[in-house]
Amino acid sequence: MQQPLLLSTGEFAQMCNVSRELLVHYDKIGLLKPKEVKGNGYRYYSLKQLYLFDVIRFFMDTGMSTKEIKEYLDGRTTQLFLDSIQTSIDRMQLQRDILDARIGMMEKMRYITQRAVTFPKEQPRLSYWDEIWFLTTDVRRERTQQVYAQAVSEHSDFCRNTAGMATFPLGRVIDIPDPRNPAEFYYTKLVTWVSPPKNPERLEGRIERKPKGNYAVILHQGGTSTVERSYEKLLDYVEREGFEMRGPLYELDMNSYLMSDSADDYLLHISVLVDVEDAADAFAPRF
């Protein structure tokens with residue numbers, strides 16, 4: 001009877017287009033053991049094991065771990081195959097959503113950075129905005145660095161571990177109880193500008209919509225330590241023009257520590273929704 005053809009580790013690795021070291025690793029973890037090990041320690045594989053390797057490579061491409069693949073191979077059935085495939089599809093769809101969110105974040109950062117460097121600074125104006133969506137984290141109403149740092153940490157953790165995205169572009173919702181004293185402001189929420197969510201239920205009620213409409217806006221140059229001067233300019237502009245504010249102030253980072261280590265280079269976009277009698281006047285440059 002003809003003996004089955006056996007392939008050396010090098011020959012088998014070449015046919016599978018992988019390294020010999022990978023096959024040795026698979027042997028050690030029990031994922032793909034050689035058909036035969038000679039007395040001199042040389043490993044040999046059968047042609048039939050090429051199919052087994054193909055199974056391993058198939059499930060590796062679906063994102064399964066070597067441990068999951070080994071468990072599957074130890075008891076594979078048609079139903080287990082279907083269950084494993086569905087699990088992999090669900091996992092890959094989640095990964096696709098995360099990638100889409102990250103691409104959207106980078107596109108927004110590119111857009112707002114390009115706009116920010118060319119837009120007039122420190123000049124209040126009227127601008128129309130479509131609705132945009134935010135992920136939010138509440139900030140305790142205390143003017144301390146510790147409270148703000150805790151909120152940033154919580155917001156970053158939620159964005160990355162629950163929503164699957166980065167925290168940028170980052171912003172804040174501002175409450176100014178007395179418009180005559182804009183230096184006494186409070187951060188009430190941290191926000192991250194996101195695309196309209198496909199699965200809002202997994203965001204734990206922390207998705208909010210900034211409504212479309214006419215906004216009084218100003219682009220502040222400098223960090224948050226000097227931002228009250230732009231609050232004052234914006235509020236004076238709203239009062240001078242006879243507008244009525246319809247919500248809190250929104251402050252979005254345009255240029256931040258991602259682009260520079262100097263707060264003098266930072267750009268903050270500040271806006272507030274207003275009622276305007278003549279809506280035609282509102283279609284100024286959108287930013």
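The structure displayed is predicted, hence computed values, not measured ones.
- The aromatic rings of F59 and Y72 sit tilted relative to each other, their planes meeting at an angle between 30° and 60°.
- The nearest pair of heavy atoms linking T62 to R91 is O-NH2, 4.0 Å.
- Here the rule is side chain to side chain donor-acceptor pair (under 3.5 Å) with S230, and of K121, H269, H220, Q221 only H220 fits it.
- For the pair E208 and K210, the salt-bridge criterion is not met [side-chain N within less than 4.0 Å of a carboxylate O].
- Residues passing the side-chain hydrogen bond (donor to acceptor under 3.5 Å, both in side chains) test with T87: none are found, sequence neighbours excluded.
- Looking at residues two or more places apart in sequence or on another chain, you find a salt bridge (charged side-chain N to carboxylate O under 4.0 Å, His left out) between K38 and E36.
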Using atom types as modelled, flag every donor-acceptor pair under 3.5 Å from a side chain in residues 167-179 to any protein atom, sequence neighbours excluded.
unit_1	atom_1	unit_2	atom_2	d
R172	NE	E251	OE2	2.6
R172	NH1	Y148	OH	3.3
R172	NH2	E251	OE2	3.1
R172	NH2	D253	OD1	2.4
D175	OD2	R141	NH1	3.0
D175	OD2	R141	NH2	2.5
D178	OD1	R180	N	3.0
D178	OD1	R180	NE	3.1

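- Partners of R96 under the salt bridge (charged side-chain N to carboxylate O under 4.0 Å, His left out) rule, at least two apart in sequence or in another chain, do not exist in this structure.
- Listed by first and then second residue, the salt bridge (Lys or Arg N to Asp or Glu O under 4.0 Å) pairs that reach into residues 73-82 are K70-D74, sequence neighbours excluded.
- The shortest distance between side-chain heavy atoms of F134 and T192 does not fall below 4.5 Å.
- For residues 20-34, every residue pair satisfying the side chain to side chain donor-acceptor pair (under 3.5 Å) rule, not counting sequence neighbours, is listed here: D27-K33, D27-R43.
- Side-chain contact between P182 and L235 is present, with heavy atoms from C-beta onward closer than 4.5 Å.
- Side-chain contact between E184 and R143 is present, with at least one heavy-atom pair separated by less than 4.5 Å.
- Remark: the backbone N or O of C16 is paired with a side-chain donor or acceptor of R57 at under 3.5 angstrom.
- Applying the side-chain hydrogen bond (donor to acceptor under 3.5 Å, both in side chains) test to E241 and every residue at least two apart in sequence or in another chain returns nothing.
- The side-chain hydrogen bond (donor to acceptor under 3.5 Å, both in side chains) test applied to T162 returns no partner, not counting sequence neighbours.
- In this structure a side-chain-to-backbone donor-acceptor pair under 3.5 Å is missing from S156 to V152.
- Judged by distance alone, with hydrogens and angles left aside, the side-chain atoms of E154 form no donor-acceptor pair with the main-chain N or O of A151 at under 3.5 Å.
- Applying the salt bridge (Lys or Arg N to Asp or Glu O under 4.0 Å) rule to pairs touching residues 211-234 yields E122-R229, E122-K233, sequence neighbours excluded.
- Taking the side chain as every heavy atom from C-beta outward, R125 and F119 approach each other to under 4.5 Å.
- Crowding of E131 atom CD: a count of heavy atoms from other residues, nucleotides or ligands under 6.0 Å exceeding 12.
- The ring-ring contact (aromatic ring centres under 6.0 Å, His included) check on F12 picks up Y45, with sequence neighbours excluded.
- Taking both residues in full, the closest heavy atoms of L126 and F243 are given as CD1-CE1, 3.8 Å, listed atom of the first, atom of the second, then distance.
- Residues meeting the side-chain hydrogen bond (donor to acceptor under 3.5 Å, both in side chains) test with D236, sequence neighbours left out: none.
- Judged by distance alone, with hydrogens and angles left aside, the side-chain atoms of S153 form no donor-acceptor pair with the main-chain N or O of A149 at under 3.5 Å.
- For D261, the CG atom is loosely surrounded, since the number of other residues' heavy atoms within 6.0 Å does not exceed 12.
- Think of L6 as one node in a network of Ile, Leu, Val, Met, Phe, Trp and Tyr side chains linked at under 4.5 Å; its network also takes in Y42, Y44.
- Under a cut-off of 6.0 angstrom, the local environment of CD in Q93 is crowded, with over 12 non-hydrogen atoms contributed by other residues, nucleotides or ligands.
- A donor-acceptor pair under 3.5 Å links the side-chain atoms of Q49 to the main chain of S46, judged by distance alone.
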